[in-house]
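The next block holds one structure in the form of structure tokens; read it before the comments.
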Amino acid sequence: MAEAIVSGVFERLTSFSLQVAENGVRLVVGVNEELKKIGTTLCTIRAVLADAEKRQVKEQAVKLWLDRLQNVAYDIEDLLDGWSTVVIRSKIEESQSSFRLSSLQPFANSIPRLVRRRGIATKIKELSESLQVIAKEKDDFAFIVNLIRNDDIEPERPKTTCFVDASEIRGRDQDKNSIISMLLSENGQERGVPIISIVGMGGIGKTTLAQIVYNDREVNAYFQKKLWVCVSDPFDEMRIAKAILEALTGIPSGLGELNTVLEKIHESIVGKKFLLVLDDVWTEDERKWQSLKCCLKSGAPPGSKILVTTRKENVATVMGCTRLFHLGKLSEEECWSLFSQVAFSGWNHRARQILADIGKKIADKCNGLPLAAKTLGGLLRFKKSREQWQRILDSNMWELDEAETGLFSPLLLSYYDLPAPLRQCFSYCAIFPKGYKIEKDLLIKLWMAQGFLGDGNGMEIVGEEYFDNLAMRSFFQEFETDENDDGIIRCKMHDIVHDFAQLLRKRECYVVASNGIEEQRAEWYHESARHLRVILDNEQAVIPSLLYNAKKLRSLLVDSCPSNSSTLNASLPRLFDQLTCLRMLDLSNNRYRKQTSITQLPCQIGELIHLRYVSLEGNKGLKELPMTLWDLCNLQTLNIRLCSSIQSSKFIPEGLINLRHLQNAETYGCTSKAFGLKRSILLQTLEEFVVEPFGYLLAWDGEQILKESEMHRSNLCDLGTFALLRGNLKIIGLGDVSRRDAEEAGLWKKTGLRNLTLSFNSMYKGMRVLEGAYAHESSVLEALQPPLYLESLDINRMNGPTAFPSWMVSLTMLKRVRLWACFNWKTLPPMWKLPVLEHLEIWEMKNVKEVGQEFMGAETEKGQASSSSSSSVNNNIAFPSLKHLKFQSMDDWQEWNYGHLFTTMPLLCSLKINSCLKLKSLPRHLLQKTTLQVLDIFDCPILTERYSRNGTGEDWHYISHIPTITIDGEDVKRDGN
């Protein structure tokens with residue numbers, strides 16, 4: 001990791017020198033020479049870092065030397081970043097000379113003293129001297145000089161699934177049968193709930209064995225309730241109790257007292273034979289377990305069991321284990337079978353034979369550890385030469401003397417095979433708690449904030465490649481994918497892998513839980529602490545006092561209980577005064593969506609000049625953002641999702657020149673002008689763009705005539721500034737714009753957009769609009785042509801007549817469309833023309849009385865499709881790719897005619913009709929399709945009567961073949977079922 005940090009500082013030093021030259025910055029005498037000396041020294045040190053990082057595992061002196069080097073490197077980077085910020089702010093102030101606010105004028109006084117010219121010269125000299133001492137010390141270790149460097153990374157895409165099923169498990173049948181036998185046995189002499197503990201070293205497969213048993217058919221039949229809780233570390237009684245209660249009731253618990261939660265658990269388990277799995281228990285403190293144990297013991301009927309997995313036999317003892325099961329290693333044959341399954345996946349027989357002999361030797365090195373076999377197999381899967389396999393076999397890092405580090409030997413092989421930038425990306429994941437669902441998009445933004453992804457325009461793409469590479473090498477697991485494109489959206493880290501990351505970030509990264517009752521221990525604190533997550537779980541919890549001294553912190557995440565919001569609000573000013581090196585600040589309130597934590601963001605946030613990432617998500621009581629926030633010219637990501645109380649305020653300076661991601665979904669009432677984004681040309685994420693009302697709409701003659709000045713308005717044409725927008729975009733207030741503004745927005749140029757919502761609601765609440773003013777909506781929609789690669793489109797609240805823009809049929813990647821609340825539409829547009837449309841939803845078209853040929857597809861006398869574009873229809877097929885169709889709240893809809901094309905909806909598998917009170921019947925041609933698997937009718941009285949199975953439904957026989965039928969929320973059962 002030190003190698004990546006030093007390399008990053010060296011690159012930053014080079015870019016800073018260029019910045020100084022380009023901007024004509026005059027340095028204090030001697031500073032330039034010191035900077036050159038630092039650069040030369042860093043080059044010398046870099047040459048030995050590869051050897052130093054390998055030796056630090058066994059040699060404590062080398063580890064301490066690397067720690068000192070990293071600390072000095074961090075200080076140098078902060079110094080250069082602070083100085084660079086001054087240069088950037090000076091340029092911004094010069095460009096805003098015609099519009100100065102008092103908050104900008106004292107900026108030089110708001111930054112840390114070290115960035116003042118004289119102070120910075122002194123600090124540079126001190127750091128240069130410290131680095132010289134470290135460089136001299138390296139000679140004492142006789143490091144091997146690495147003259148050949150190759151830091152480039154070629155990202156590889158995973159070729160096989162990351163999900164594990166029973167067919168991928170080797171050698172656990174006997175263990176499985178033994179555990180099941182224990183679970184199903186009934187011994188009348190045992191008092192309370194029997195506790196069975198699976199004990200073994202990390203990576204041996206304890207969790208896997210528990211999962212196999214948990215899903216076994218006999219186990220499912222024996223227990224009335226099954227509960228799985230990942231306990232992890234620390235052992236949080238309240239969290240675990242709530243998890244058990246939620247598993248029992250299916251309802252998240254909002255209770256605040258542990259005793260109340262335990263009473264509810266007791267009530268829920270009375271008379272129900274249950275199996276509770278407590279996975280990955282670490283605590284040896286019997287007191288933390290005692291209350292929950294008594295609750296389960298007193299309410300459980302005979303036959304109930306608790307299954308615990310842990311690495312420590314002492315844990316099993318303090319938990320009152322009645323049966324202990326030591327999980328052993330895989331045999332050599334089983335380990336080879338698992339290794340070869342992963343390593344040779346997709347290889348032909350001859351390629352396997354060439355490397356089989358050396359592969360068996362590597363499998364023997366795994367020493368029966370399933371995790372090691374899978375990790376090394378994944379590492380070698382894409383290495384085809386014998387030399388690459390031999391290098392892994394001959395690695396001198398395999399056997400480690402210390403017991404703890406011996407656990408990580410297989411992971412060390414994979415870790416050191418990573419390019420240096422990926423090593424720090426992986427180890428940074430230690431900032432997440434064990435068992436945490438890591439959002440891929442968030443993780444990439446955090447990497448970016450720490451400078452791990454370089455400094456160019458393609459940082460997000462590099463981050464995607466890094467994530468995919470780590471996923472391929474099995475550093476991540478339990479992937480959740482997007483339903484649209486199967487892309488990974490979140491994942492977890494195995495506890496062993498998480499421990500390994502914590503080992504790498506030892507004395508740098510901590511997770512601290514504060515309950516306000518027990519005195520905070522200082523074990524977490526170290527002067528080199530850089531990344532910290534603080535958990536405040538109740539109203540007595542306070543910010544740990546030592547946090548105010550952790551002045552070198554680069555990451556701070558605060559998970560705060562809403563009941564102690566006043567404590568947190570009072571602590572923030574002091575925190576911001578002290579933690580001036582922060583690059584990432586997360587004060588989000590995701591755990592308590594219905595309440596608020598932060599009500600005011602202190603103006604001192606403007607002093608945190610290194611900040612790249614700020615999250616305030618979910619703080620619904622936050623009413624405004626301080627003006628000083630716009631002094632953060634390095635800010636890359638601002639997340640204010642669900643900050644629904646933030647209001648638009650006076651015009652603010654446009655200082656966020658490096659902002660790349662504004663996550664502002666559901667910030668109701670906050671128009672886009674409030675963010676001052678005109679200079680944020682790097683912006684890639686803008687979740688919502690709200691068009692601000694700028695005057696009364698007096699008439700319509702092709703353009704809007706405004707009563708008030710258009711100066712400083714938040715116009716739709718402002719979107720034209722953001723050429724790099726990608727992902728999701730929602731535009732609100734399109735009822736107030738002209739075609740010219742829509743054209744200047746240039747949506748078709750933003751090729752990275754994938755999901756687009758166009759909302760035509762007017763922001764003129766309560767204002768009079770003249771008749772005919774909505775006639776322009778069709779032309780505005782036509783001008784809002786999206787890029788060709790759009791995948792999802794939502795159009796709503798149009799007030800004019802039915803509209804179908806010409807560009808719709810050209811969107812060859814458009815898979816999902818939702819049309820809703822267009823109250824004046826009397827017919828539906830010809831959606832049948834869309835060639836790859838898979839999901840279609842139509843809601844609240846209150847004036848539509850008939851759905852017919854214009855929507856379903858029409859045919860001319862010669863048998864050709866009525867569309868003029870041959871590409872829009874495939875052999876007279878309407879809706880050729882549609883799989884899911886839904887209509888909802890169509891108040892006046894009465895008739896649904898099938899259409900006249902030869903084939904309609906050949907792939908339809910789901911049809912849902914909700915709250916269509918007047919609809920008389922469904923097209924028989926659709927109902928009789930063999931592809932139709934789901935029919936859901938809800939709140940449609942005529943249809944309910946027509947398709948009822950109670951003997952009076954005249955058309956039941958048209959739908960009886962459909963596998964899943966739901967009418968008014970109840971599954972329809974057939975005879976014999």
Side-chain angles (χ1 to χ4, degrees), residues 483-484 792 814-819 828 830-843 845 848 850-859 865 873-890 893-977:
E483 61 179 4
N484 294 333
S792 176
L814 188 62
K815 296 181 179 180
R816 305 178 70 94
V817 173
R818 186 171 71 159
L819 308 173
L828 296 181
M831 305 304 294
W832 63 274
K833 298 180 180 181
L834 303 186
V836 298
L837 183 65
E838 295 181 0
H839 298 256
L840 176 60
E841 295 186 14
I842 299 176
W843 293 12
M845 302 298 187
V848 172
E850 179 181 353
V851 173
Q853 297 181 11
E854 77 293 334
F855 174 77
M856 296 292 292
E859 179 184 285
V873 67
N874 180 18
N875 296 326
N876 288 344
I877 299 177
F879 296 103
S881 304
L882 191 66
K883 297 179 181 178
H884 306 279
L885 176 60
K886 180 178 181 179
F887 289 95
Q888 180 168 319
S889 300
M890 306 279 284
W893 185 23
Q894 301 177 29
E895 303 288 343
W896 186 358
N897 297 318
Y898 185 70
H900 296 289
L901 284 183
F902 296 147
T903 304
T904 300
M905 304 183 192
L907 302 179
L908 187 68
C909 62
S910 171
L911 176 62
K912 298 183 179 182
I913 313 292
N914 294 347
S915 300
C916 299
L917 306 182
K918 298 181 181 180
L919 183 59
K920 299 176 182 178
S921 65
L922 303 176
R924 293 178 181 177
H925 294 78
L926 291 184
L927 298 178
Q928 292 174 343
K929 290 183 176 299
T930 57
T931 59
L932 190 59
Q933 300 295 304
V934 176
L935 175 63
D936 188 335
I937 299 172
F938 184 83
D939 193 23
C940 303
I942 300 176
L943 296 185
T944 297
E945 182 178 358
R946 189 179 189 102
Y947 297 102
S948 174
R949 185 182 167 275
N950 62 8
T952 61
E954 59 183 289
D955 287 342
W956 161 253
H957 57 284
Y958 289 122
I959 67 170
S960 59
H961 65 283
I962 300 174
T964 302
I965 302 173
T966 303
I967 297 180
D968 289 335
E970 296 184 3
D971 293 336
V972 176
K973 297 183 179 180
R974 295 163 179 78
D975 293 335
N977 293 327

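Positions are given from 1 along the sequence.
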K918: what forms a salt bridge (Lys or Arg N to Asp or Glu O under 4.0 Å) with it, not counting sequence neighbours?
D892
With sequence neighbours left out, write down each residue that passes ring pair (Phe, Tyr, Trp, His ring centres under 6.0 Å) with W896, or none if nothing qualifies.
F887, W893
Ignoring hydrogens, what is the shortest heavy-atom contact between P880 and L907? Give both atom names and the distance.
O-CD1, 3.6 Å
If you define the side chain from C-beta out and look only at heavy atoms, does anything of D955 sit under 4.5 Å from R924?
yes
Calculate, to the nearest 0.5 Å, the distance between atoms OG and CD belonging to S910 and Q933 respectively.
10.0 Å
For the side chain of Y947 and the backbone of I967, is there at least one donor-acceptor N/O pair under 3.5 Å apart?
no
Interatomic spacing from CG in L885 to CE in M831 - rounded to 0.5 Å:
10.5 Å
Where do E850 and N897 land on the side chain to side chain contact (heavy atoms under 4.5 Å, CB included) test, with the steps shown first?
CA-CA 8 Å; E850 179 181 353; N897 297 318; 2.4 Å; yes
Nearest heavy atoms of L932 and P963, plus distance in Å:
O-CD, 3.6 Å
Rounded to the nearest 0.5 Å, how far does CG of L882 lie from SG of C909?
8.5 Å
Rounded to the nearest 0.5 angstrom, the CD1-CG distance for I913 and L943 is 7.0 Å
From L840 atom CG to L834 atom CG, the distance as rounded to the nearest 0.5 Å:
8.0 Å
Using salt bridge (Lys or Arg N to Asp or Glu O under 4.0 Å) as the criterion, list what pairs up with R818, not counting sequence neighbours.
D794
Nearest heavy-atom contact between S889 and C916 is N-SG, 4.4 Å
Do other residues, nucleotides or ligands put more than 12 heavy atoms under 6.0 Å from the NZ atom of K912?
no
Less than 4.5 Å apart, any side-chain heavy atom of N914 and any of D939?
no
For E895 and K920, what are the C-alpha separation, side-chain angles and deciding distance, and is it a salt bridge (Lys or Arg N to Asp or Glu O under 4.0 Å)?
CA-CA 6 Å; E895 303 288 343; K920 299 176 182 178; 3.1 Å; yes
Can you check side chain to side chain contact (heavy atoms under 4.5 Å, CB included) on I842 and M845, steps first, answer last?
CA-CA 7 Å; I842 299 176; M845 302 298 187; 3.6 Å; yes
Taking all non-hydrogen atoms of both residues into account, name the closest pair between P835 and S881 and its distance.
O-OG, 2.8 Å
Residues L919 and I942: closest non-hydrogen pair is O-CB, 3.4 Å
Between the CG atom in L922 and the CD1 atom in I959, the distance rounded to the nearest 0.5 Å is 8.5 Å
Pair R946-E954, side chain to side chain contact (heavy atoms under 4.5 Å, CB included): steps then yes or no:
CA-CA 6 Å; R946 189 179 189 102; E954 59 183 289; 3.9 Å; yes
Contact between T904 and H925 at the side-chain level, heavy atoms closer than 4.5 Å - yes or no?
no
Could you check if a side-chain atom of L911 sits within less than 4.5 angstrom of a side-chain atom of M905, using non-hydrogen atoms only?
no
Within a radius of less than 6.0 Å around NZ of K929, do more than 12 heavy atoms belonging to other residues, nucleotides or ligands occur?
yes
For the student: nearest non-hydrogen atoms of G969 and F938, plus distance:
N-CD1, 3.7 Å
Under 3.5 Å donor-acceptor, H884 side chain and E841 backbone
no
Any sub-3.5 Å donor-acceptor pair from T931's side-chain atoms to L908's backbone N or O?
yes
